[in-house]
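One structure is given below, represented as structure tokens, and several questions about it will come after.
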There are 2 protein chains.
Amino acid sequence: MDAIDLSLVELLRGNARLSYAELARQVGLSAPAVHERVGKLESGGVIRAYRAEVEPETIGLGVTALIGIVEDSGADTDDVLEAFRVMPEIESCYFMAGVESFLLKARVGTIAELEQLIVRLNRTAGVASTRTSIALSTKWENRPQPVSPPPA
Amino acid sequence: MDAIDLSLVELLRGNARLSYAELARQVGLSAPAVHERVGKLESGGVIRAYRAEVEPETIGLGVTALIGIVEDSGADTDDVLEAFRVMPEIESCYFMAGVESFLLKARVGTIAELEQLIVRLNRTAGVASTRTSIALSTKWENRPQPVSPPPA
DNA sequence: ACAGTCCGTGGACGCGATCGACCTGAGCCT
DNA sequence: AGGCTCAGGTCGATCGCGTCCACGGACTGT
């Protein structure tokens, strides 16, 4: 993981569809060299996936909510997680420090669907309570930040 | 925006580096037809960007925090937003319903850097208070959900 | 000094991206 | 009804890219 790898990561975070030839020009190597480096970044777990970022409203997901979850005392955290995992509307799931064990980011089409989701969450074994905040608008999301060298 | 466009969006959300030829095979059209459709999805604002998803720890961003922001009464929300926008460690910014006007997702390398960020946030004109929760681990993030037709 | 390893380059070749020409069906006007 | 127009597709051709391979130079340890 040297400076060139970092540039490659940064370039691909900005535009995942850059061709190897173009990447090669930007970092000053040949295309095969870049191909090999990117392959290693992928198999080494640095690059997890390449995703198209979609305007959620345009695919019928106009409602974004952030939901804090308080677990029952004695709940099995793994089971709770598994229950969350099968709910497709939960786009992100963080395990948190604090009273609320989880913070979920969910996207649904309508407030009615959000209501149903909250009901399902409250019924989930191990969940003591939920606290939902609605996002009125997303100013930006997953903005890549300039990379810095990893801890030495 | 028909069923084929939805499939294309779904395929590209799963893997943004799919070739047009491969997309064409999957949806049963020719490559040029897919090329044109994807171009329209991009210029029509459905597809915002293509991004490589990176394991944050590997690029020296091991600390994730979610920060709620309460505005001063009479603060200029646009100015506050602008101040947030120039802080690169703020990856996502939602404008929320509730006492806290904003919810920020920030990633930094160390707790010390998080502390500095919070200080800067509290000093920002228009910010009355902040409330920070630390994510101990990210279970998943930005998982694409199966697309459904947009509201009719 | 030598051999092994790592990481790069250059060449070759087949596939994909992309352009232009043409085709077809739906909707509309006369 | 018949014909125009347009949107959106296919086909064919060309050119550049992805990818495999053989080769070469720098570094390292012995």
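Just so it is clear: chains get the letters A, B, ... in the order the sequence lines come, proteins before strands, and each one is counted from 1.
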To the nearest Å, how far apart are A:Glu36 CD and D:dT19 C1'?
12 Å

Indicate yes or no: does B:Glu91 engage A:Arg143 in a salt bridge with an N to O separation below 4.0 Å.
no

Heavy-atom side-chain proximity of A:Val38 to A:Leu12 below 4.5 angstrom:
yes

Quickly work out the B:Asp2 CG to D:dG8 P distance and round it to whole Å.
9 Å

Take atom CZ of A:Arg37 and atom P of C:dC7, then tell me their distance rounded to the nearest Å.
8 Å

SB check B:Arg25 B:Glu22 (cutoff 4.0 Å)
yes

CD of B:Glu42 versus P of C:dA17: gap in Å, rounded?
13 Å

Which nucleotide sits closest to the side chain of B:Ala31: C:dT18, C:dT9, D:dG9?
C:dT18

A quick test of your reading: do over 12 heavy atoms of other residues, nucleotides or ligands sit less than 6.0 Å from CD of A:Glu115?
no

Does the side chain of B:His35 get closer than 4.0 angstrom to OP1 or OP2 of C:dA17 through an N or O atom?
no

Output the rounded distance in Å from CG (B:Leu18) to P (D:dG18).
15 Å

Report yes if at least one side-chain N or O of A:Lys40 is closer than 4.0 Å to OP1 or OP2 of C:dC7; otherwise report no.
yes

Within this structure, what is the CG-to-C1' distance between A:Leu29 and C:dC7, rounded to whole angstrom?
10 Å

Quick one: are B:Glu100 and B:Val70 in side-chain contact, heavy atoms under 4.5 Å?
yes

Report the distance from atom CE of A:Met1 to atom P of C:dC6, rounded to the nearest whole Å.
20 Å

Go through B:Arg37 and B:Asp2 one step at a time and tell me if the salt bridge (Lys or Arg N to Asp or Glu O under 4.0 Å) criterion holds.
CA-CA 10 Å; B:Arg37 275 172 178 265; B:Asp2 60 4; 2.9 Å; yes

What pairs of nitrogen or oxygen atoms, one from the protein and one from nucleotides 14-17 of chain D, lie under 3.5 Å apart?
none

